[in-house]
Protein chains: 2
Amino acid sequence: MTDDLVLRRQVCFALYTASRAMADVYRPILAGFGLTYPQYLVLLVLWEGEQEQPPTVSGLGARLQLDSGTLSPLLKRLEAAGLVVRRRSPADERRVAVELTPAGRALRGRMVDVPRQLAQATGLSADDLVVLRDTLTRITRTIHQHKEQQ
Amino acid sequence: MTDDLVLRRQVCFALYTASRAMADVYRPILAGFGLTYPQYLVLLVLWEGEQEQPPTVSGLGARLQLDSGTLSPLLKRLEAAGLVVRRRSPADERRVAVELTPAGRALRGRMVDVPRQLAQATGLSADDLVVLRDTLTRITRTIHQHKEQQ
DNA sequence: CGCAGTTTAGTTGTGTACAACTAAACTGCG
DNA sequence: CGCAGTTTAGTTGTACACAACTAAACTGCG
């Protein structure tokens with residue numbers, strides 16, 4: 001059916017628009033901390049792993065589904081902002097460990113309220129957000145699994 | 001609770017990742033037609049409005065939630081590809097109408113199978129895709145409505 | 001040990017996104 | 001009519017994304 005080539009029927013359009021609408025909500029909140037949306041995601045990963053070994057660039061990439069072409073300049077900017085340092089691994093000099101600075105660690109404390117602010121700014125209930133998140137996570141996993149099977 | 005600052009709990013991350021995973025599925029399919037994902041969305045709008053007046057740049061922007069900073073260079077590339085022409089409105093010379101060329105119209109016929117290919121490539125059922133799309137559309141509308149109320 | 005093949009981070013080039021700005025064209029009020 | 005204010009598309013600058021490539025470092029097989 002040629003009717004399928006209609007904008008409002010496309011899942012891609014729905015996802016694309018929803019993702020940018022959500023980014024619009026985050027942007028002003030994160031701008032208050034001098035961060036972009038992907039930079040915030042990198043910091044979330046680093047804050048999570050505080051007791052473990054600091055992740056490498058490719059480790060961050062595996063977590064966020066981003067390659068070095070995106071992460072290298074992004075990390076350079078986080079380093080310039082004084083939030084992280086990059087250190088070549090002595091054991092394997094191809095690897096670069098990304099570590100939080102004291103300022104990067106301290107930033108977490110100032111951002112604990114961000115998830116609540118976000119939920120408030122979207123006008124969505126906590127339950128709605130949880131259902132949406134879980135649906136999306138399932139969909140993403142399905143796509144990735146299906147890709148690997150080819 | 002500081003636990004909220006955990007990657008997998010963030011709706012932004014779920015949306016961001018799902019959107020890019022879906023783009024990964026579309027990319028090779030659209031590349032076969034020499035198109036990017038946003039270029040395809042612009043064509044969907046143009047194909048839909050074939051009997052009406054051709055939309056202006058801002059009309060396309062309203063439909064896709066994109067501004068001239070994004071659309072102007074994108075349309076320039078579609079024009080270079082021979083798929084659209086841009087024409088200053090004689091009645092109001094600020095406006096630029098975006099029209100399909102015969103090649104742009106013909107492309108639709110060659111792309112009728114794309115939605116089916118996509119559904120196949122995601123490994124999701126038609127029902128899953130419909131539910132996802134409707135959930136996302138609802139969420140996006142909620143965010144936009146909430147923003148206007150401020 | 002030696003070296004082909006792989007892994008890793010970074011660079012380059014293209015194409016979005018979006019904020020801030022510009023310039024041209026229109027509108028309406030006095 | 002005249003011009004302040006608005007609308008419209010385009011430009012500039014910054015920051016992702018991602019493909020393709022590069023160079024350095026490691027690995028394992030012969």
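First the proteins, then the strands, lettered A, B, ... as listed; each starts at 1.
Both A:Gly59 and B:Gln39 lie near DNA chain C, and the one whose nearest nucleotide falls closer to the 5' end is A:Gly59. Place A:Leu71 and B:Tyr37 on DNA chain C by their nearest nucleotides, and A:Leu71 ends up nearer the 5' end.
Between D:dA9, C:dT11, D:dC26, one nucleotide has an atom nearer to the side chain of A:Asp92 than all others, and that is D:dC26. In this structure, of D:dA9, C:dA9, D:dG10, it is D:dG10 that holds the atom nearest to the side chain of B:Arg86.
One interatomic measurement links the two molecules: CG of B:Leu64 to P of C:dT16, which rounds to 12 Å at whole-angstrom precision. Rounded to whole Å, the distance from CG on A:Leu35 to P on D:dT14 is 18 Å. For the pair A:Lys76 NZ and D:dC16 C1', the interatomic distance rounds to 14 Å; values are reported in whole Å. Rounded to whole Å, atom P of D:dA17 lies 13 Å from atom CG of B:Leu15. Per the geometry, CD belonging to B:Glu79 stands 13 Å off C1' belonging to D:dA9, to the nearest Å. Atom C1' of nucleotide D:dA15 and atom OH of A:Tyr26 are separated by 19 Å, given to the nearest angstrom.
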For this session: Return one dot-bracket line describing DNA chain D 5' to 3' (Watson-Crick or G-U wobble pairs, both distances under 3.5 Å; ( ) same strand, [ ] crossing, | another strand, . none).
Result: ||||||||||||||||||||||||||||||

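A:Arg86 and A:Glu79 are joined by a salt bridge, as a carboxylate oxygen and a charged side-chain nitrogen come within less than 4.0 angstrom of each other.
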Write out a two-atom table: protein N or O, nucleotide N or O from nucleotides 18-21 of chain D, distance below 3.5 Å.
| residue | atom | partner | partner atom | Å |
| --- | --- | --- | --- | --- |
| D:dC18 | OP2 | B:Arg20 | NH1 | 3.1 |

Seminar exercise, completed: Its contact letters, B for base, S for sugar-phosphate only and - for none at protein heavy atoms under 4.0 Å, make nucleotides 1-7 of chain D read ------B

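Considering all non-hydrogen atoms of both residues, B:Met111 and B:Leu30 come closest at CE-CD2, 3.7 Å.
OP1 or OP2 of C:dG15 has not a single side-chain nitrogen or oxygen of B:Thr36 nearer than 4.0 Å.
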